[in-house]
Amino acid sequence: MTRKNVLVFRELPDDQLARLQAAHEVTVANPRLDAQRAAFDAALPLAHGLIGSSFPVDDALLARAPRLEVVSSVSVGVDNYALASLQARGILLCHTPGVLDETVADTVFALLMATSRRVVELSNLVRDGAWTKNIGEDLFGFDVHGKTLGLLGFGRIGQAIARRAALGFGMPVLYHARRPVDLASQAPELQGRAVHTPLAELLARADFVVAMLPLSDSTRGMIDASVFAAMRPGAVFINGGRGATVQEDALLAALDHGTLRAAGLDVFATEPLPAASPLRTHPRVTPLPHIGSATHETRHAMAELATTNLLQALAGERPAAVFDTASA
Ligand SMILES: NC(=O)c1ccc[n+]([C@@H]2O[C@H](COP(=O)([O-])OP(=O)(O)OC[C@H]3O[C@@H](n4cnc5c(N)ncnc54)[C@H](O)[C@@H]3O)[C@@H](O)[C@H]2O)c1
Ligand SMILES: O=C(O)[C@H](O)CO
């Protein structure tokens with residue numbers, strides 16, 4: 001088989017790098033690092049395949065890559081990629097659906113528990129030496145079990161969150177998605193437990209509103225002041241999808257002047273979260289540094305799937321996980 005040129009733009013585990021090197025000429029160059037940018041710029045015009053994540057592969061970058069056949073993202077989200085240009089040039093875009101669902105759902109549940117039971121705040125109280133008497137009602141939390149969960153987005157990860165909520169915590173689940181899911185064939189265990197619900201009704205009924213949405217033209221800024229205003233008093237908001245689906249000023253206003261009780265956020269409109277962002281230190285926000293899939297096992301599984309996708313595409317085979325660039 002012809003050896004092609006592969007540009008790895010974010011570190012891969014050694015075993016996956018070795019799979020690529022066995023079949024192709026590989027350059028590892030991270031364009032975020034000053035010391036590696038020149039190597040990236042030199043390799044890009046020759047590259048047949050790109051593999052990496054968390055870097056914008058935009059129109060300008062693609063214009064510098066005339067030989068490109070495939071971009072393999074080590075992520076399920078594809079908001080960093082210029083989908084129209086990829087489609088127009090017939091460049092395959094691969095991603096990593098499925099292998100991270102359970103891990104991301106665990107992270108979202110950690111945020112649900114942490115916000116509702118004030119885990120971080122009360123742990124800090126102990127660390128600060130302020131646990132000098134039994135805590136009073138002012139520091140009590142709220143139950144999670146039995147409460148109503150409203151899910152914005154009910155895809156692979158949304159359904160994994162719903163399983164935890166419905167089957168583990170006895171929570172009724174309402175969901176909002178582009179279309180209802182046929183639970184009988186896709187998630188029979190959630191039949192009678194998760195219900196496709198108009199957005200206004202979901203927001204009026206949910207104790208927890210969890211966003212697990214991709215970022216696209218249709219979801220950018222979708223969670224705005226009107227959405228927060230429609231949530232029930234004392235609701236908790238969790239975002240595990242993408243930060244830019246939320247209007248962060250509206251979120252802050254809902255926390256400060258509205259009735260939102262708390263927010264748990266793994267994702268932000270700008271990442272890393274700028275030091276000046278009020279969300280960083282807000283007393284009722286539990287912020288995380290985009291760790292949804294960040295376990296050893298899952299990050300390795302993502303790298304393995306992305307490597308397989310790339311090798312298959314460069315061999316002229318249909319990769320295991322192609323993103324349909326026409327569908328976004
Ligand atoms: N925090 C993290 O580390 C982390 C990890 C993995 C994924 N994510 C994000 O989560 C997203 C979802 O992942 P997934 O695998 O569940 O995707 P998916 O494609 O399986 O599900 C997406 C869901 O969103 C719904 N949706 C899309 N556009 C909508 C709209 N305009 N209005 C209402 N619903 C809409 C779809 O109908 C579907 O139910 C990813 O695209 C990624 O951005 C974040
Ligand atoms: O989309 C994803 O896979 C996660 O957000 C990691 O980038």
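Order of appearance sets the numbers: ligands from 1, and atoms from 1 within every ligand.
Between Ala211, Ala105, Pro214, it is Pro214 that holds the heavy atom closest to atom 24 (O) of ligand 1. Compare Met222, His196, Arg179 by their heavy atoms: the one nearest to atom 32 (N) of ligand 1 is in Met222. Comparing Arg156, Gln159, Arg178 by heavy-atom distance to atom 27 (C) of ligand 1, the nearest is Arg178. Comparing Gly241, Gly292, Ser75, Ala244 against atom 9 (C) of ligand 1, the shortest heavy-atom distance belongs to Gly241. Considering Gly240, Gly77, Gly155 only, the shortest heavy-atom separation from atom 44 (C) of ligand 1 involves Gly240. Compare Ala160, Ser216, Ser218 by their heavy atoms: the one nearest to atom 31 (N) of ligand 1 is in Ser218.
In this structure, Arg156 and Leu100 have side chains that are not in contact, with every pair of non-hydrogen atoms separated by 4.5 Å or more. Looking only at side-chain heavy atoms (C-beta outward), Pro287 and Leu279 stay at 4.5 Å or farther from each other.
With ligand atoms numbered from 1 in the order given, ligand 1 contributes 1 (N), 2 (C), 3 (O) to contacts under 4.0 Å with heavy atoms of Asp266. Interface atoms of ligand 1 facing Phe154, defined by a heavy-atom separation under 4.0 Å, are 23 (C), 38 (C), 39 (O). With ligand atoms numbered from 1 in the order given, ligand 1 contributes 28 (N), 29 (C), 30 (C), 31 (N) to contacts under 4.0 Å with heavy atoms of Thr219. In the vicinity of Gly77, heavy-atom distances shorter than 4.0 Å reach the ligand 2 atoms 1 (O), 2 (C), 3 (O). Those atoms of ligand 1 that come under 4.0 Å of a heavy atom in Ser293, given as number and element, are 3 (O). Taking a cut-off of under 4.0 Å to the non-hydrogen atoms of Val104, the atoms of ligand 1 that pass are 5 (C), 6 (C). Heavy-atom proximity to His290, at under 4.0 Å, picks out these atoms of ligand 1: 1 (N), 2 (C), 3 (O).
Residue contacts with ligand 2 leave out His95, since none of its heavy atoms falls under 4.0 Å from the ligand. Under a 4.0 Å heavy-atom criterion, Pro97 is not in contact with ligand 1.
Taking 4.0 Å as the cut-off between side-chain N and carboxylate O, Glu271 and Arg242 do not count as a salt-bridged pair. Comment: Arg64 engages Asp41 in a salt bridge, judged by a side-chain N to carboxylate O separation of less than 4.0 angstrom.
Judged by distance alone, with hydrogens and angles left aside, the side-chain atoms of Arg164 form no donor-acceptor pair with the main-chain N or O of Phe109 at under 3.5 Å.
Taking atom 1 (O) of ligand 2 as the reference point, the nearest protein heavy-atom neighbour is Arg242 NH2, 2.7 Å. Looking only at heavy atoms of the protein, atom 3 (O) of ligand 2 is closest to Val76 N, 2.7 Å. The protein non-hydrogen atom at the shortest distance from atom 6 (C) of ligand 2 is His290 NE2, 3.8 Å.
With a heavy-atom cut-off of 4.0 Å, Arg242 touches ligand 1 through its side chain alone. Residue Thr96 does not touch ligand 2, judged by heavy-atom distances below 4.0 Å. Residue-level proximity to ligand 1 for Ile157 is carried by backbone and side chain together, each with a heavy atom below 4.0 angstrom. Looking at Val267 against ligand 1, only its side chain comes within 4.0 Å, counting heavy atoms. Both the backbone and the side chain of Met212 come within 4.0 Å of ligand 1, counting heavy atoms alone.
Other residues, nucleotides and ligands contribute only 12 or fewer heavy atoms inside 6.0 Å of the CG atom of Asn134. Taking a 6.0 Å sphere around CG of Asp182, one finds it holds more than 12 heavy atoms contributed by other residues, nucleotides or ligands. Heavy-atom neighbours of Asp128 CG from other residues, nucleotides or ligands within 6.0 Å: above the threshold of 12.
The distance between the ring centers of Tyr81 and Phe323 does not fall below 6.0 angstrom.
When all heavy atoms are compared, the tightest approach of Pro56 to Leu61 is O-CD1, 3.9 Å.
Checking Arg10, Glu11, Arg37, Gln36 one by one against Asn30, the side chain to side chain donor-acceptor pair (under 3.5 Å) holds for a single residue, Glu11.
No side-chain donor-acceptor contact under 3.5 Å links Thr115 and Arg261.
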_For Thr219 and Leu152: C-alpha separation, side-chain torsions, deciding distance, then whether side-chain contact (heavy atoms from CB on, under 4.5 Å) applies._
CA-CA 10 Å; Thr219 61; Leu152 310 182; over 6 Å; no
